[in-house]
Amino acid sequence: MSLELTGVKEWGIKNERPIMIAGPCSVETEEQVMQTAIRLKDSNLDVLRGGIWKPRTRPNTFEGVGSIGLNWLKDAGRAIGVPVTTEVANSKHVYEALRAQIDILWIGARTTVNPFAVQEIADAVRGIDIPVLVKNPINPDLSLWMGALERLNKAGITKLGAIHRGFSTHGKSKWRNKPHWEIPIELKRQIPDLPIIVDPSHITGKRELIHPVSQKALDLDFNGLMIESHITPDKALSDAAQQITPERLIEIKIALLLRDSTTSNEAFLDQLEELRDSIDSVDDRIINILAERMQIARQIGECKKTNNITILQKSRWDEIFTKRKDSGVKVGLTEDFMKDLYMSIHKESIRQQETVMNDEEE
Ligand code: PEP
Ligand code: MN
């Protein structure tokens, strides 16, 4: 997909890598947002964030201070000389944010899921040269994320970025929102010039995990971080468990290792090339072995066809699934990886047998 993009250099922010966006989940009082900004100043942040209208999962929780907070946020940003950003979810939010001279807008995860809402926002910003950051939708659907970016781009927004904040899951998980790193990585592959900011606060939901997830984001060469910070995190009116003090944020920022994405070191490049050649040849062998395995699956298909036996033999599949998982774990592969791998191999094997048994065209 090709989008017409304007690089972050022209967005009026200081650092291109990593871009640091920080500030409270919600703007609560004029004093709170000003104090947060002042205490964050030494973190050399690029953008001050603050939610004004909060999309809360349940009613009867704090839903944001509303428009009155826009000027508090703007004044706090101006006091430390950085642009400010807030979430907009409809055209009224856009008009009010623009009127208050908010510098950057973001679209929240619960809005990205809804093409009508995204279109309404795109129409409201049409013809205005303002950066817009689009959070991923709450469900792991890359097309929906890209669709939102396309709608904004079609409305003339070229200062576009994405925010990876993880995806909702059902059941118990270490994460508040599961990262599914493969999805933002694929977004980067499809739109290489699109800046992608990682939001470890909403991915983890816990302040202890902000540091490791931030480091992972930088190691995966994403372009920046959006971290929630509050002067008294435990008293925050929203997302208390994941917010950190400005001082803790500065500590994390200093501890983060910023690795180079490229180098001109010849010795390293030679060594890397050699190792990549080895990977290429192992991959060739993997593919040939898979083809061999599928060929045997087709022969099994022929036998089953002759004897009129069903494709799926549940006990055999159970046995393979358990044994292969255990063998993989023994050699240091994770259980999750083995599960995904064998689900995928089995799916292809069934497809191959189906084509043989039903004389289907491939
Ligand atoms: C937020 O940034 O505070 C927020 C509500 O985020 P999300 O849309 O990712 O849930
Ligand atoms: Mn939040």
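Every value quoted in this text rests on a predicted model; they were computed, and no experiment measured them. Start at 1 and go down the list; that is how both ligands and their atoms are numbered.
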task = Determine whether any heavy atom of C25 lies closer than 4.0 Å to an atom of ligand 1.
result =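 Distance cut 4.0 Å: C25 passes for ligand 1.
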
query = Is there a heavy atom of M226 sitting under 4.0 angstrom from any atom of ligand 1?
reply =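 No, that is not the case, since the closest heavy atom of the residue is not under 4.0 Å from the ligand.
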
request  = Indicate if V198 and M146 have the same hydrophobic cluster label, given that clusters are the connected sets of ILVMFWY residues with side-chain heavy-atom separations under 4.5 angstrom.
outcome  =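 Yes; tracing contacts between hydrophobic side chains, which count when under 4.5 Å, links both residues.
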
Whether S349 side chain and I345 backbone form a donor-acceptor pair below 3.5 Å =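 Not confirmed, S349 side chain does not pair with I345 backbone.
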
query = Taking the side chain from E87 and the backbone from W53, do they hold a donor-acceptor pair closer than 3.5 Å?
reply =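 No, E87 side chain to W53 backbone: no donor-acceptor pair under 3.5 Å.
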
Proximal ligand 1 atoms for [X], defined as those under 4.0 Å from one of its heavy atoms:
{"X": "R110", "answer": "7 (P), 8 (O), 10 (O)"}
{"X": "G108", "answer": "8 (O)"}
{"X": "R49", "answer": "1 (C), 2 (O), 3 (O)"}

key: D239 N/O under 3.5 Å from ligand 1 N/O   =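 Looking only at distances, the answer is no, because the N/O contact criterion of under 3.5 Å is not met.
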
Provide, to 0.1 Å, the distance between [atom] and the closest protein heavy atom, together with that atom's residue and name.
{"atom": "atom 3 (O) of ligand 1", "value": "K54 NZ, 2.8 Å"}
{"atom": "atom 9 (O) of ligand 1", "value": "R165 NE, 2.6 Å"}
{"atom": "atom 6 (O) of ligand 1", "value": "K135 NZ, 2.9 Å"}
{"atom": "atom 8 (O) of ligand 1", "value": "A109 N, 2.9 Å"}
{"atom": "atom 4 (C) of ligand 1", "value": "H202 NE2, 3.5 Å"}

Is it true that [X] and [Y] make a salt bridge, defined as a side-chain N closer than 4.0 Å to a carboxylate O?
{"X": "K305", "Y": "E302", "result": "no"}
{"X": "D234", "Y": "R207", "result": "yes"}
{"X": "E273", "Y": "R276", "result": "no"}
{"X": "R17", "Y": "D260", "result": "no"}
{"X": "E96", "Y": "K92", "result": "yes"}

inquiry  = Working to 10°, measure the angle at the Mn ion (ligand 2) formed by atom NE2 of H202 and atom SG of C25.
reply    =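 It rounds to 180°.
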
query = In terms of ring plane angle, is the pair F222 and H164 parallel, tilted or perpendicular, where the classes change at 30° and 60°?
reply =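 Ring orientation of F222 relative to H164: tilted.
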
ask   = Do you know which N/O/S atom name in D239 is closest to the Mn ion (ligand 2)?
value =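 Of the nitrogen, oxygen and sulfur atoms in D239, the Mn ion (ligand 2) lies nearest to OD2.
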
message = From the N, O or S atoms in E228, identify the one nearest to the Mn ion (ligand 2).
response =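 Result for E228 and the Mn ion (ligand 2): OE2.
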
